[in-house]
A.B. asks: 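Quick one: this structure, given as C-alpha cells, is what I'll be asking you about.
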Amino acid sequence: MNMQTKAHPEGKGALAVKRNRGGLLGRLKEQRLLYVLMLPAIILTLMFSYVPMFGLYMAFINYQPGGGSFFKQFFTTDFVGLQWFNYFFTNGDFVRIMRNTLAQSFLSLLFGFPMPIILALMINELRNGWFKRTFQTVSYMPHFISWVIAANIIITMLSSGGVINNILTGLHIIDEPIQFMQKGHLFWWIIAFSNAWKDMGFNAIMYLAAIAAINPELYEVAKVDGASRLKQMLHITLPSIRPTIIILAILAVGGILNAGFDQQYLLQNNTVMEYSEVIDTYTYKYGLQNGMFSYGAAVGLFKSVVAFILVIAVNQMAKKMEEQSLF
C-alpha cells in the first residue's frame with residue numbers, strides 16, 4: 001500500500017516533466033490540426049489589422065502622392081513630427097468637430113444603449129412562439145438596410161409633406177410643417193433616433209442570447225414564491241444579464257468618438273453643416289477630397305488613441321465597481 005502511494009506522485013511528476021520537455025513544439029505537434037484551422041484567421045488578421053498599421057507613420061510626415069514609387073515617397077518624405085496634430089488642435093474646426101461628435105455619440109448612446117435591452121426583455125416576455133419569432137425578425141431587419149436607403153426613408157418621413165409632419169398637423173400639435181432637415185439643432189436628435197431605430201433589433205440578439213442562458217429553475221422557484229413577471233424580470237433576468245450589459249457598455253463608451261460616417265454624410269446638407277460635421281466626415285473631406293492625406297491620418301490616429309484610452313479607463317472602472325470587465 002505504501003509502495004503504491006509513493007509511486008503515484010512519482011508518476012505524475014514524470015508525466016509533468018515529459019510534457020514540459022515537449023514545450024511549444026510538442027504542443028504545436030499535438031494540436032496541429034487546431035492551428036491549421038486558425039491559420040486563415042491569423043493571416044487575415046495580420047493582413048487587414050496589423051500590416052496597415054505602418055500607414056500611421058503618415059500622420060507624422062508631409063506626404064503628397066506623386067508619380068514615383070509609393071514606398072520611396074512614403075519613407076523619404078519630410079518628417080514633421082506633431083505638426084498636423086497641432087494644426088488640428090489649434091484651428092477653428094477642432095471645437096466644432098469635437099462638440100458635434102461627442103453630442104451625437106452621447107445622444108446615440110443615451111437612446112441606443114438601453115433600447116436593445118428593453119426590446120430583448122419585451123421579446124422574452126412574449127409567449128406566442130410564432131408572434132415572438134416574427135416580431136424579432138421584423139425588429140432586426142432595419143440593420144440590414146443600407147444607410148443609403150435608410151437615409152432616403154428618414155428624409156422622406158421628415159419632409160414637409162412627410163408622415164411625421166402630417167401626424168403632427170393632424171393632431172393639431174403644430175400649425176405648419178417643421179423643416180426638420182433644415183434646422184441644425186435638430187440634427188443631433190435625428191442621428192440619435194436613426195441609429196437607435198436601425199440597430200436596436202440587431203443589438204437585442206446578444207441580450208436575448210444571454211437571457212436564453214439563464215437557468216429556467218430560477219423562474220420556477222420565483223413563481224412558487226409568488227413573484228410576478230415584472231419582479232422576475234427585475235430580480236432574475238436583469239441581474240443575470242448584467243455581465244453582458246457591462247461588457248457592451250465598455251465597448252460602447254470606447255467607441256464614443258465613432259459617431260458614424262454614412263448617416264452623417266447622407267443626411268447632412270449645407271444648412272446644418274455646423275451641427276453635422278463629425279470626425280469621420282471631417283477626415284474624409286480633408287484627407288481624401290482635399291488631398292491632405294497626412295492631416296487626415298493624424299485626425300484618425302487621434303480618434304483611435306482617445307478610443308483606446310477610454311476603453312482602458314472604463315474597463316478598469318468596471319473591474320473595481322462591478323468586478324466584471326472586458327479583460
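This structure is a prediction, so every number in the text was calculated from the model and none was measured.
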A.B. asks: Go through Phe193 and Phe111 one step at a time and tell me if the ring-ring contact (aromatic ring centres under 6.0 Å, His included) criterion holds.
C.D. replies: CA-CA 7 Å; Phe193 284 109; Phe111 293 103; 4.7 Å; yes

A.B. asks: In Å and rounded to the nearest 0.5 Å, what is the CE to OG distance from Met233 to Ser240?
C.D. replies: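 Separation between the atoms: 12.5 Å.
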
A.B. asks: Applying salt bridge (charged side-chain N to carboxylate O under 4.0 Å, His left out) as the test, list every pair that has at least one member in residues 147-174; sequence neighbours left out.
C.D. replies: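 Qualifying pairs: none.
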
A.B. asks: Identify the heavy atoms of Phe85 and Ala298 that sit nearest to each other, and give their distance.
C.D. replies: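 For Phe85 and Ala298, the tightest heavy-atom pair comes out as CE2-O, 3.3 Å.
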
A.B. asks: Using 30° and 60° as the class boundaries, would you call the ring planes of Phe88 and Tyr282 parallel, tilted or perpendicular?
C.D. replies: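 Rings of Phe88 and Tyr282: tilted, as their planes differ by 30° to 60°.
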
A.B. asks: What I'd like to find out is whether the side chain of Glu176 reaches to under 4.5 Å of the side chain of Thr169, using heavy atoms alone.
C.D. replies: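 No, side chains not in contact.
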
A.B. asks: Are Asn215 and Leu218 close enough that some pair of their side-chain heavy atoms sits under 4.5 Å apart?
C.D. replies: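 They are in contact (side-chain heavy atoms under 4.5 Å apart), so the answer is yes.
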
A.B. asks: Does the side chain of Phe293 come within less than 4.5 Å of Leu288's, by heavy atoms?
C.D. replies: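 Leu288 reaches Phe293 side chain to side chain.
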
A.B. asks: In terms of hydrophobic clusters joined by side-chain contacts under 4.5 Å, are Phe89 and Leu301 together?
C.D. replies: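 In one cluster with Phe89: Leu301, yes.
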
A.B. asks: Would you check, one step at a time, whether the test ring-ring contact (aromatic ring centres under 6.0 Å, His included) holds for Tyr63 with Tyr57?
C.D. replies: CA-CA 10 Å; Tyr63 174 74; Tyr57 179 68; over 10 Å; no

A.B. asks: What I'd like to find out is whether the side chain of Gln64 reaches to under 4.5 Å of the side chain of Thr77, using heavy atoms alone.
C.D. replies: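 A side-chain contact is absent here, since even the closest heavy-atom pair is not under 4.5 Å.
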
A.B. asks: Heavy-atom count around Met273 CE within 6.0 Å, excluding the residue itself: above 12?
C.D. replies: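 More than 12 within 6.0 Å, yes.
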
A.B. asks: Could you tell me which non-hydrogen atom of Leu119 sits nearest to which non-hydrogen atom of Ser139, and how far apart they are?
C.D. replies: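 Heavy atoms only, the tightest pair is CD2-CB, 4.0 Å.
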
A.B. asks: As an exercise, state the distance from CG of Leu56 to CE of Met58, rounded to the nearest 0.5 Å.
C.D. replies: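 It comes to 9.5 Å.
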
A.B. asks: Among pairs that include at least one residue of residues 120-138, which meet side-chain hydrogen bond (donor to acceptor under 3.5 Å, both in side chains), considering only residues two or more places apart or in two chains?
C.D. replies: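 side-chain hydrogen bond (donor to acceptor under 3.5 Å, both in side chains) check on residues 120-138 returns Glu125-Arg229.
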
A.B. asks: Decide yes or no on side chain to side chain contact (heavy atoms under 4.5 Å, CB included) for Met317 and Ile250, but give the supporting numbers first.
C.D. replies: CA-CA 10 Å; Met317 290 174 59; Ile250 293 171; over 6 Å; no

A.B. asks: Under 4.5 Å between side-chain heavy atoms, counting indirect links through other Ile/Leu/Val/Met/Phe/Trp/Tyr residues: same cluster for Val253 and Tyr207 or not?
C.D. replies: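 Yes, it is one cluster - the side chains of Val253 and Tyr207 are joined through contacts under 4.5 Å.
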
A.B. asks: Applying a strict under-4.5 Å side-chain criterion to I, L, V, M, F, W and Y, I'd like to know whether Met98 and Leu82 cluster together.
C.D. replies: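 Both belong to a single hydrophobic cluster.
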
A.B. asks: Show the nearest heavy-atom pair for residues Asp280 and Ala259, with the distance to one decimal.
C.D. replies: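 Between these two residues, the closest heavy atoms are OD2-N, 4.4 Å.
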
A.B. asks: Applying ring-ring contact (aromatic ring centres under 6.0 Å, His included) to Tyr286 and Tyr295, what does each step give before you reach the verdict?
C.D. replies: CA-CA 7 Å; Tyr286 276 86; Tyr295 182 54; 5.7 Å; yes

A.B. asks: Does the side chain of Gln264 come under 3.5 Å of the side chain of Ser276 through a donor N or O and an acceptor N or O?
C.D. replies: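 Note: Gln264 and Ser276 side chains miss the donor-acceptor criterion.
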
A.B. asks: State the CD1-CG distance between Ile155 and Leu158, to the nearest 0.5 angstrom.
C.D. replies: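 Output value for this atom pair is 8.5 Å.
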
A.B. asks: Using every non-hydrogen atom in the two residues, find where Gln232 and Ala222 come nearest and quote the distance to one decimal.
C.D. replies: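 Taking Gln232 first and Ala222 second, the nearest heavy atoms are CG-CB, 4.0 Å.
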
A.B. asks: When you measure from the side chain of Arg32 to the backbone N and O of Lys29, does any donor-acceptor pair fall under 3.5 Å?
C.D. replies: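 Checking the backbone N and O of Lys29 against the side chain of Arg32, a donor-acceptor pair under 3.5 Å is found.
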
A.B. asks: Heavy-atom distance under 4.5 Å between the side chains of Glu277 and Thr101, does that happen here?
C.D. replies: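 No, their side chains stay 4.5 Å or more apart.
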
A.B. asks: Quick check on the hydrophobic clustering: are Tyr265 and Ile279 connected, directly or via other members, by side-chain heavy-atom contacts under 4.5 Å?
C.D. replies: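 Yes, Tyr265 and Ile279 fall within the same hydrophobic cluster.
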
A.B. asks: Apply side chain to side chain contact (heavy atoms under 4.5 Å, CB included) to Tyr140 and Met200, showing your working.
C.D. replies: CA-CA 7 Å; Tyr140 63 67; Met200 175 176 59; over 6 Å; no

A.B. asks: Counting C-beta onward and ignoring hydrogens, is there a side-chain heavy-atom pair between Val278 and Ile191 closer than 4.5 Å?
C.D. replies: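 The answer is no, as the side chains (C-beta and beyond) never meet within the 4.5 Å cut-off.
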
A.B. asks: As a test of understanding, state which of Asn91, Ile97, Thr90 forms a side-chain contact (heavy atoms from CB on, under 4.5 Å) with Phe94.
C.D. replies: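 Output: one option passes, namely Asn91.
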
A.B. asks: Determine whether more than 12 heavy atoms belonging to other residues, nucleotides or ligands lie under 6.0 Å from atom CZ of Phe308.
C.D. replies: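 Open: at most 12 neighbouring heavy atoms sit under 6.0 Å from CZ of Phe308.
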
A.B. asks: Could you check Phe60 against Val80 for side chain to side chain contact (heavy atoms under 4.5 Å, CB included), going step by step and ending with a plain yes or no?
C.D. replies: CA-CA 6 Å; Phe60 304 96; Val80 296; 5.7 Å; no

A.B. asks: Do Trp188 and Phe106 have side-chain heavy atoms sitting under 4.5 Å apart?
C.D. replies: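 Of all side-chain heavy-atom pairs linking Phe106 with Trp188, none is under 4.5 Å.
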
A.B. asks: I need the Leu310 CG to Leu251 CG distance, nearest 0.5 Å.
C.D. replies: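 If we round to the nearest 0.5 Å, Leu310:CG and Leu251:CG are 12.0 Å apart.
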
A.B. asks: Per the ring pair (Phe, Tyr, Trp, His ring centres under 6.0 Å) rule, what does the pair list look like for residues 144-180, sequence neighbours excluded?
C.D. replies: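 Qualifying pairs, neighbours excluded: Phe144-Phe202.
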
A.B. asks: Looking at every non-hydrogen atom in both residues, tell me the closest pair between Arg99 and Glu274 and how far apart they are.
C.D. replies: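 Heavy atoms only, the tightest pair is NH2-O, 2.7 Å.
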
A.B. asks: Examine distances only and state if a side-chain atom of Ser49 and a backbone atom of Leu46 form a donor-acceptor pair shorter than 3.5 Å.
C.D. replies: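 Checking the backbone N and O of Leu46 against the side chain of Ser49, no donor-acceptor pair under 3.5 Å is found.
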
A.B. asks: For the residue pair Ile174 and Asn165, establish whether any side-chain heavy-atom pair is separated by less than 4.5 Å.
C.D. replies: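 They are in contact (side-chain heavy atoms under 4.5 Å apart), so the answer is yes.
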
A.B. asks: Which atom pair, heavy atoms only, marks the closest approach of Ile245 to Phe113?
C.D. replies: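 The pair with the smallest heavy-atom distance is O-CZ, 3.5 Å.
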
A.B. asks: Could you measure the distance from the OG1 atom of Thr281 to the CG atom of Asn100? Nearest 0.5 Å is fine.
C.D. replies: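 With rounding to 0.5 Å, OG1 (Thr281) is 8.5 Å from CG (Asn100).
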
A.B. asks: Side chains of Ser294 and Asn62: any donor to acceptor distance under 3.5 Å?
C.D. replies: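 Looking only at side-chain atoms, Ser294 and Asn62 do not form any donor-acceptor pair under 3.5 Å.
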
A.B. asks: Can you tell me how far the CG atom of Asp225 sits from the NZ atom of Lys231, to the nearest 0.5 Å?
C.D. replies: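 Between Asp225 CG and Lys231 NZ, I get 10.5 Å after rounding to 0.5 Å.
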
A.B. asks: Checking side chain to side chain contact (heavy atoms under 4.5 Å, CB included) for the pair Ile190/Gln263: CA distance, chi angles, key distance, verdict?
C.D. replies: CA-CA 10 Å; Ile190 293 172; Gln263 56 271 51; over 6 Å; no

A.B. asks: Quick check on the hydrophobic clustering: are Val148 and Tyr284 connected, directly or via other members, by side-chain heavy-atom contacts under 4.5 Å?
C.D. replies: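 Unlinked, Val148 and Tyr284 end up in two clusters.
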
